[in-house]
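Notes for the one structure printed next.
Reminder, nothing fancy here: chain letters follow the sequence lines and each chain counts from 1.
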Amino acid sequence: MTTKLVVSSSPHVHSDFTTRRIMGMVILSLIPAGIIGTYFLGLRALFVILACIIASVASEWAWQKLNHRKSTICDLSAVVTGLLLAYNLPPTIPIWMAVCGSIFAIIIVKHFYGGIGCNIVNPALAARAMMLISWPTAMTTWSVNGISGPTPLAAMKAGSAGSVSYWNMFIGNMGGCIGETCSLLLILGGLYLIWEEVISWRIPVIYIATTAILSALFNHGGAFMPCSEILTGGLLIGAFFMATDYTTSPMTAKGQYIYAFGCGLMTALIRTWGGYPEGVSFSILIMNVAVPLIDRYTEPRVLGGPKSNFFKRMGAKS
Amino acid sequence: MMGLAMRSVDVPVVKGTSGILTLTEKLAYIAEESACIRCGKCVESCPMHLEPTLLDHAVRRRDYASFEAHMGMNCIECGCCAYSCPASRHLTQSFKNGKAAVTAERRKAAAQAKAKQEAK
């Protein structure tokens with residue numbers, strides 16, 4: 001734009017809410033949990049986080065360079081993906097596996113489907129699922145202060161109540177992935193995002209409540225323990241930061257209720273009867289795939305118009 | 001938000017003029033569009049309960065049937081969606097084009113129907 005006279009369509013003002021600013025706020029809200037994770041799990045956690053971020057950004061840059069596309073690394077979405085992936089890895093993971101996971105997340109899950117806004121599942125979660133299946137031992141070896149042991153959720157799965165107190169669960173002094181252990185800071189980070197209106201309260205609140213209530217009802221762990229359901233495993237980071245990913249969650253309020261309930265139901269089912277102790281990543285991935293359908297069913301009614309255009313179009317096709 | 005950009009300062013102020021906005025250099029720019037991230041802010045902000053992002057995709061594909069099926073003709077061009085869009089997509093502009101295209105198609109169809117009837 002060289003001319004000073006700009007004749008454009010209305011509106012001529014624009015909010016300062018940009019993609020980059022949203023991603024920046026997400027990163028900001030995630031940093032404290034990472035610091036605490038590094039504090040409890042050792043300095044190696046920090047290297048895993050840095051490796052994931054660098055690998056994500058580098059692979060996004062390289063992919064777009066190779067395809068002669070405009071680089072989108074400046075919108076910080078690759079940083080968020082790398083950060084979230086690292087937070088879902090145990091601190092003992094070999095660095096090369098973390099790098100492989102990041103490349104998978106960015107190139108296969110994100111850019112094969114068309115880049116930001118077009119991926120059908122959450123890149124960080126899909127990469128975690130891939131790594132969990134490819135390297136099950138490396139992905140499920142936990143250690144706190146040099147002592148390896150099962151996570152509280154794995155202990156619950158095995159039928160024992162576990163030896164970690166609620167306080168240690170709350171501040172993050174327990175076995176687990178780098179960023180998922182410190183419940184306190186994850187909740188604060190999530191509240192910050194809700195306060196800044198980056199995410200709405202609907203998905204996290206409904207998701208967490210559904211999981212806690214249902215898995216308590218299903219008698220998971222042999223006792224009524226809704227609090228440890230919330231404080232252990234990846235539920236908090238999943239509900240606040242992963243399930244609320246814009247691209248892979250429904251756009252309408254009604255759709256978000258259905259989606260969050262579905263996530264909670266799947267998590268409770270997997271935790272209670274599934275093969276893995278942890279169900280958050282798989283349940284969010286499954287609901288991600290259901291999002292286009294949810295979006296079509298919950299299309300808002302305009303001027304009291306037809307109930308859903310979806311049914312009309314289905315009828316017209318048959 | 002709904003005002004028209006003026007090409008020159010010679011445009012007179014008339015009875016219907018409700019206000020004049022002069023924007024600073026910082027405000028008067030055409031933001032560069034980036035990809036839709038499906039955040040749903042446009043859906044939340046639309047006073048007509050439309051889904052602007054779907055309508056925008058329809059117009060970009062020139063799929064005006066889909067634009068109509070998603071009730072695009074009910075857009076009141078208030079600009080709330082374009083204001084709130086983090087990807088700075090030119091939504092209102094897109095709907096103006098979409099509505100014009102649908103109206104033109106309807107007019108054409110009506111003219112054809114009329115010609116057919118007269119031929120009988």
Side-chain angles (χ1 to χ4, degrees), chain A residues 1 3-23 69-70 72 74-75 77 114-120 197-200 202 244-253 255-256 291-292 295-296 298-306 309-310 312-313 316, chain B residues 1-9 21-23 25 27-32 34-46 48-54 65-66 68-75 77-97:
Chain A
M1 286 303 129
T3 167
K4 283 199 173 178
L5 177 68
V6 179
V7 181
S8 63
S9 165
S10 64
H12 300 99
V13 284
H14 195 271
S15 74
D16 53 1
F17 227 69
T18 58
T19 306
R20 187 201 300 199
R21 191 154 162 243
I22 290 172
M23 296 297 169
R69 285 175 177 271
K70 219 175 98 234
T72 56
C74 290
D75 67 15
S77 59
I116 185 169
C118 299
N119 46 305
I120 52 171
E197 295 189 350
V198 173
I199 59 174
S200 85
R202 297 179 205 112
T244 53
D245 173 26
Y246 287 148
T247 306
T248 53
S249 64
M251 286 186 296
T252 59
Q256 288 174 355
V291 162
D295 261 344
R296 287 191 127 189
T298 57
E299 213 173 273
R301 286 173 70 177
V302 180
L303 298 177
N309 288 316
F310 174 63
K312 214 167 84 187
R313 258 174 279 137
Chain B
M1 293 254 281
M2 294 177 68
L4 298 169
M6 289 300 141
R7 246 169 231 285
S8 78
V9 285
L21 284 182
T22 48
L23 301 178
E25 210 171 333
L27 276 171
Y29 71 103
I30 300 178
E32 203 181 331
S34 55
C36 168
I37 54 170
R38 282 180 39 92
C39 64
K41 296 222 180 292
C42 53
V43 180
E44 226 166 89
S45 68
C46 181
M48 294 301 287
H49 304 293
L50 302 170
E51 289 186 294
T53 173
L54 293 184
S66 162
E68 268 192 282
H70 288 293
M71 305 295 205
M73 295 306 278
N74 286 318
C75 170
E77 297 170 23
C78 64
C80 291
C81 50
Y83 173 82
S84 62
C85 179
S88 318
R89 290 176 80 81
H90 305 154
L91 296 165
T92 315
Q93 186 182 342
S94 166
F95 305 151
K96 282 179 182 168
N97 293 340

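- With a 4.5 angstrom heavy-atom cutoff, B/A82 touches chain A via backbone and side-chain atoms both.
- Considering only heavy atoms from C-beta on, A/P11 comes within 4.5 Å of B/T92 through its side chain.
- For A/S249, the part lying near chain B is the backbone, with the side chain staying farther off; criterion is any non-hydrogen pair under 4.5 Å.
- For A/I116, the parts lying under 4.5 angstrom from a heavy atom of chain B are both the backbone and the side chain.
- Rounding to the nearest 0.5 angstrom, the gap separating the CG atom in B/L21 from the OG atom in A/S10 is 11.5 Å.
- The two residues A/S8 and B/A5 have their closest heavy-atom pair at O-CB, 3.5 Å.
- Contacts with chain A were tallied for B/A35, B/S84, B/G3; B/G3 has the most, counting heavy-atom pairs under 4.5 Å.
- Comparing B/E77, B/H90, B/E51 by heavy-atom pairs within less than 4.5 Å of chain A, the highest count is held by B/E51.
- Atoms CE and SG, on A/M251 and B/C36 in that order, are 7.0 Å from each other to the nearest 0.5 Å.
- Looking at A/Q256, there are no atoms closer than 4.5 Å to chain B (heavy atoms on both sides), in backbone or side chain.
- In this structure, OG1 in A/T252 is found 12.5 Å from NE2 in B/H49, a value given to the nearest 0.5 Å.
- When each of B/G79, B/P86, B/S88, B/G40 is checked for heavy-atom pairs under 4.5 Å with chain A, B/P86 comes out on top.
- Note: B/C85 leads B/A87, B/C85, B/C46, B/C42 in heavy-atom pairs under 4.5 Å with chain A.
- The candidate with the highest count of non-hydrogen atom pairs below 4.5 Å against chain B, out of A/G117, A/C118, A/S77, A/G114, is A/G117.
- The minimum heavy-atom distance between A/E299 and B/L54, with the atom names listed, is OE1-CD1, 4.4 Å.
- Without hydrogens or angle criteria, A/S15 side chain to B/Y83 main chain gives a donor-acceptor distance under 3.5 Å.
- Here the NE2-CG distance, from A/H12 to B/L4, works out to 7.5 Å after rounding to the nearest 0.5 Å.
- Side-chain atoms of B/E32 and A/K70, non-hydrogen and from C-beta on, do get closer than 4.5 Å to each other.
- In this structure, no portion of B/S8 lies under 4.5 Å from any heavy atom of chain A.
- When the candidates A/I22, A/D245, A/T247, A/D75 are compared by the number of heavy-atom contacts under 4.5 Å with chain B, A/T247 comes out ahead.
- The minimum heavy-atom distance linking A/V291 with B/R38 is given by the pair CG1-NH2, 3.4 Å.
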